[in-house]
Amino acid sequence: MPELPEVETVRKVLEKWVIDKTITDVEFFYNGVLDGINKTSFINNIKNQKIKAVDRKGKFLLFKLSDYILISHLRMEGKYYLVKENVIDPKINKHKIISFTLDDGNKLIYHDVRKFGKMKLIKYEEESTDKSLSKLGEEPFSINEEELYKKIKSSKRKIKTLLLDQAIIAGLGNIYVDEVLFFSNIHPNREGESISKKENKKIIEHSIKVLNRAIELGGSSVYSYHFAGSVSGKFQNELQVYGRKDLECFKCGSKIAKTKIGGRGTHFCPRCQK
DNA sequence: AACGAAACCTGCGCGC
DNA sequence: TGCGCGCAGGTTTCGT
């Protein structure tokens with residue numbers, strides 16, 4: 001489901017729900033969420049752990065527990081709900097993946113229609129070596145301009161694909177890459193090699209602008225998608241190209257085009273983006 | 001080593 | 001109404 005702004009919105013909601021609560025029990029409804037990690041040790045280790053903080057790294061959520069870090073990735077459709085113990089909501093129940101019982105009488109439910117989301121528990125000392133975390137690139141807010149440029153300039157891959165690669169830059173996904181390339185006036189099909197230093201700078205600047213604005217508005221809710229409890233974002237009202245196929249470009253009036261790049265639907269203005 | 005395609009899943013909207 | 005197809009905010013794995 002989500003990109004950096006949506007995950008950040010979820011993180012803030014989770015903070016309100018679970019900080020200083022202790023996990024007293026765990027119940028699984030789909031074992032695949034652990035991706036091969038041992039379920040018994042997961043349960044044993046997480047029981048009686050207190051949730052001290054909820055952090056975010058790229059699109060990963062990090063629940064900082066007393067002795068462990070619970071890493072959660074929502075992938076396409078993962079959501080969290082907080083429900084009173086004993087209250088059964090059939091809408092939530094259908095795609096329930098895992099339920100954490102908290103010591104305040106609530107349950108934190110992880111819900112995922114497509115079952116793509118993943119979770120694992122690591123020790124604090126594993127944070128810097130963890131396979132998924134350690135290969136993440138910097139987020140646009142902190143990325144080094146020269147280092148990003150080196151990676152882009154030395155590649156024949158398409159710029160759209162490069163910006164979706166979390167090892168190169170973390171946090172952008174299919175919606176915001178299309179938006180950033182629009183604001184940067186760069187055609188998504190361009191090879192990395194062809195990107196100028198100035199364009200590289202524009203990419204970073206617009207990434208920061210777009211992500212910050214989306215965070216301000218609580219992310220984008222497209223396809224009437226809601227992502228944590230009943231929270232839904234408002235940034236979809238400001239999207240320039242994503243989901244606007246055949247509609248008029250706000251800048252030049254041309255029809256927004258949609259194509260496929262790296263298997264992903266890609267929206268752009270054929271006149272504004274060169 | 002580096003790249004693109006396929007795989008992982010379910011649900012929805014569309015055309016026939 | 002029913003069926004098949006293509007599509008969906010992501011990442012990992014599998015071939016070449």
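Just so it is clear, the values below take in all heavy atoms, side chains as well, and ignore hydrogens, waters and symmetry mates. Convention: sequence-line order gives letters A, B, ...; per-chain numbering from 1.
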Separation between CG of A:L74 and NE2 of A:H111, rounded to the nearest 0.5 Å: 12.5 Å
Residue-phosphate contact under 4.0 Å: A:K151 side-chain N/O, B:dA2 OP1/OP2: no
A:R75 side-chain proximity, nearest of C:dG10, B:dG4, B:dG11: C:dG10
Heavy atoms from other residues, nucleotides or ligands near NZ of A:K50 exceed 12 (cutoff 6.0 Å): no
Nearest-0.5 Å distance that lies between atom NZ in A:K120 and atom CD1 in A:I69: 11.0 Å
Residue A:S155, side-chain atoms from C-beta onward, closest of C:dT11, B:dC3, C:dC7: B:dC3
Complementary nucleotide for C:dT1 - Watson-Crick or wobble, under 3.5 Å: none
Given B:dC9, C:dT13, C:dG10, the nucleotide with the shortest approach to the side chain of A:K131: C:dT13
Plane angle bin for A:F235 and A:Y176 - parallel if under 30°, tilted between 30 and 60°, otherwise perpendicular: tilted
Sugar-phosphate only, base, or nothing, as touched by A:K118 at under 4.0 Å among non-hydrogen atoms: nothing
Pairwise 5' ranking along DNA chain C for A:T266 and A:D35, keeping only the more 5' one: A:T266
Any A:K135 side-chain N or O less than 4.0 Å from OP1/OP2 of C:dT12: yes
Closest listed nucleotide, where the reference is the side chain of A:R114 and the choices are C:dC7, B:dT10, C:dT11: B:dT10
Sugar-phosphate only, base, or nothing, as touched by A:K260 at under 4.0 Å among non-hydrogen atoms: sugar-phosphate
Sugar-phosphate, base or nothing in reach of A:G263, heavy atoms under 4.0 Å: nothing
Any A:Q166 side-chain N or O less than 4.0 Å from OP1/OP2 of C:dG10: no
N or O in side chain of A:K59 less than 4.0 angstrom from C:dG10 OP1/OP2: yes
Sugar-phosphate only, base, or nothing, as touched by A:F235 at under 4.0 Å among non-hydrogen atoms: nothing
Strand partner of B:dC9, provided both Watson-Crick or wobble distances fall under 3.5 Å: none
